[in-house]
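Taking it in order: structure first as structure tokens, then the write-up.
Indexing begins at 1, ligand by ligand and atom by atom, following the structure's order.
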Amino acid sequence: MATEVQTKSSGNIAPPLDARNSWQALRAHYPQVQKLYLRALFAGDPHRGERMSVEGAGLFLDYSKNRITEETVKLLLELAEESQLRQRIDAMFSGEKINITENRAVLHVALRAPRGASILVDGVNVVPEVHAVLDRMTDFSNRVRSGAWKGHTGKRIRNVINIGIGGSDLGPVMAYEALRHYSERNMNFRYVSNVDGTDFAEAVHDLDPAETLFIVSSKTFTTLETMTNAHSAREWLLAGIGGDEAAVARHFVAVSTNAGEVKKFGIDTENMFGFWDWVGGRYSMDSAIGLSTMIAVGPDNFREMLDGFHEMDEHFRTTPFERNLPVLMGLLSIWYNDFFGAQTVAVLPYDQYLKRFPAYLQQLTMESNGKSVTLAGTKVDYATGPIYWGEPGTNGQHSFYQLIHQGTRLIPCDFIGFCQSLNPLGRHHDMLMANVFAQTEALAFGKTAEQVKAEGTPDWLVPHRVFEGNRPSNTILAERLTPAVLGKLVALYEHSVFTQGAIWQINSFDQWGVELGKALAQRIIPELENKNEPALTHDSSTNNLIRRYRQKKGER
Ligand code: F6P
């Protein structure tokens with residue numbers, strides 16, 4: 001079995017995690033670090049903040065407020081080497097089929113490679129194909145933005161609705177929100193993903209079908225939610241435009257890898273923008289799946305975003321691990337996940353434009369690394385992918401930060417801030433950023449009982465007001481939220497996920513775990529729709545729930 005996997009993965013597999021010397025060394029090292037306090041670590045090294053900061057691809061990462069010593073970093077870097085991270089990176093960038101369970105290359109990095117680059121998949125350079133699609137997207141986006149592309153009745157398009165789910169939704173909607181500052185303000189951009197009819201109904205309730213363009217985004221073009229919404233969209237359009245089927249061609253375009261299904265739906269493949277099986281859904285926001293983003297912000301800004309991705313790709317590929325941002329962040333995540341037993345990571349962007357960034361990261365991180373067997377098919381005996389979650393600051397401070405500061409769980413946090421605001425308004429930005437710095441300081445250093453007492457707090461209240469501190473965080477600073485910086489941030493997390501997956505030796509690029517629920521839903525749908533009482537053969541709980549739903553659904 002192991003030999004078979006080695007051929008399939010076309011790369012060497014590192015020894016099992018437990019058998020790696022660096023892993024054993026980290027195990028031995030952890031109890032010493034576990035006892036250390038950030039307060040003492042900073043007191044003992046006045047330059048820790050400077051020493052444990054690194055800049056790459058224009059992003060600044062301060063990782064000094066982590067529960068680590070020089071020795072921890074050294075051992076984690078050894079772990080990366082011993083886990084053959086370098087070889088795994090090279091394998092990905094050179095188009096090897098590292099997604100062994102689907103026998104696919106993993107080449108989202110090719111989506112942002114410059115025009116002249118060469119990346120081979122099965123002997124074919126894919127970069128020219130990538131740019132050919134980008135050029136078609138550019139032409140189409142320009143036509144929609146300028147009004148040259150007209151709807152069926154001759155009206156210009158004012159509303160663009162992306163219909164997709166998972167990677168075909170979260171990236172586009174996150175990027176649209178993140179880059180709203182750069183977007184065409186005379187147009188509306190909306191995103192429909194949920195099979196809950198409310199999502200579609202609310203998205204279109206105030207729109208004129210004659211001015212609305214739907215982008216049906218689905219890698220497979222078979223996803224239940226997306227196809228259901230796409231069919232409802234077609235009905236809504238035809239009902240609002242006089243029923244002429246010819247209208248579909250002016251109001252629907254598709255983004256997919258499946259030309260056959262696109263045709264079946266009735267979309268002219270002339271109006272289809274393709275991508276490739278080597279682009280995973282959650283890694284697809286800079287493929288044609290980003291068409292709505294490009295229409296919103298314009299081709300130049302979209303290409304600037306791709307350049308930002310590429311800059312981080314190059315940083316990841318070429319920078320020594322000790323100065324490599326995604327590698328360091330990935331290793332720190334391993335440190336808390338596997339040694340401290342931390343179950344989650346909070347991502348806290350201090351920028352309202354990044355309000356969907358944590359939701360985007362949830363698919364990226366958890367669909368990638370929520371795995372419990374290794375590449376060799378054996379069950380892991382260590383924790384893999386942590387739960388990523390978060391909200392923009394400062395809102396989160398008035399909601400869940402309490403638990404991070406004084407709760408019983410260790411929650412490593414990533415703070416993301418910008419030195420310049422896109423909406424400078426009085427003192428707002430200094431106040432916002434003061435909160436970033438204050439939170440990381442409070443989490444790391446807390447407030448001792450002595451300090452609380454010295455403020456005149458009565459003895460009985462002191463324990464409630466003590467902050468233990470020693471809560472770890474990373475701080476990522478960028479100059480300003482530009483399209484390029486967004487690309488860099490996303491690529492930073494993509495490659496951090498890759499780093500973690502390489503160390504855990506799991507396949508970060510498949511998602512078999514979503515299949516069972518999909519298949520069961522397909523079986524249940526007719527049981528809910530059947531006019532006659534169906535014979536139910538589920539467990540007693542599921543049978544009972546289905547019966548109750550059937551009974552109640554018509555009562556109104
Ligand atoms: O949820 C599973 C999944 O396959 C995701 O990986 C993907 O992003 C999403 O469904 C949507 O798939 P598609 O683009 O094929 O509609």
Looking only at protein heavy atoms, identify the closest one to [atom] and say how far it is in Å.
atom	value
atom 4 (O) of ligand 1	Lys518 NZ, 4.0 Å
atom 6 (O) of ligand 1	Glu367 OE1, 2.8 Å
atom 15 (O) of ligand 1	Thr220 OG1, 2.6 Å

Which of the ligand 1 atoms, numbered from 1, are nearer than 4.0 Å to a heavy atom of [X]:
X	result
Gly166	8 (O)
Gly167	7 (C), 8 (O)
Gln363	5 (C), 6 (O), 7 (C), 8 (O)

Restricting to heavy atoms, the pick from Asn258, Leu170, Thr223 nearest atom 16 (O) of ligand 1 would be Thr223
If hydrogens are left out, which of Ile165, Val216, Ile163, Asp510 has an atom nearest to atom 11 (C) of ligand 1, that is, the closest non-hydrogen atom? Ile165
Should [X] be counted as touching ligand 1, given the test is an N or O pair under 3.5 Å?
X	value
Ser168	yes
Thr226	no
Gly281	no

Check this for me, if you would: do Arg282 and Glu367 make a salt bridge, where the nitrogen-to-carboxylate-oxygen distance has to be below 4.0 angstrom? yes
Partners of Asp510 by salt bridge (charged side-chain N to carboxylate O under 4.0 Å, His left out), sequence neighbours excluded? Lys371
Please enumerate all residues that pass ring-ring contact (aromatic ring centres under 6.0 Å, His included) together with Phe509, with sequence neighbours excluded. Tyr283
Close approach of Glu225 to ligand 1, heavy atoms, under 4.0 angstrom: no
How many angstroms lie between atom OG1 of Thr344 and atom OH of Tyr336, to the nearest 0.5 angstrom? 12.5 Å
Do Arg234 and Phe214 form a cation-pi contact, if we require the NZ or CZ to be under 6.0 Å from the six-membered ring centre and within 45 degrees of the ring's axis? no
Ring-face cation contact, Phe273 with Arg136, 6.0 Å cut, 45° max: yes
Taking the inter-plane angle between the rings of Phe93 and His495 on a 0 to 90° scale, is it parallel (under 30°), tilted (30 to 60°) or perpendicular (over 60°)? tilted
Using 30° and 60° as the class boundaries, would you call the ring planes of Phe265 and Phe252 parallel, tilted or perpendicular? tilted
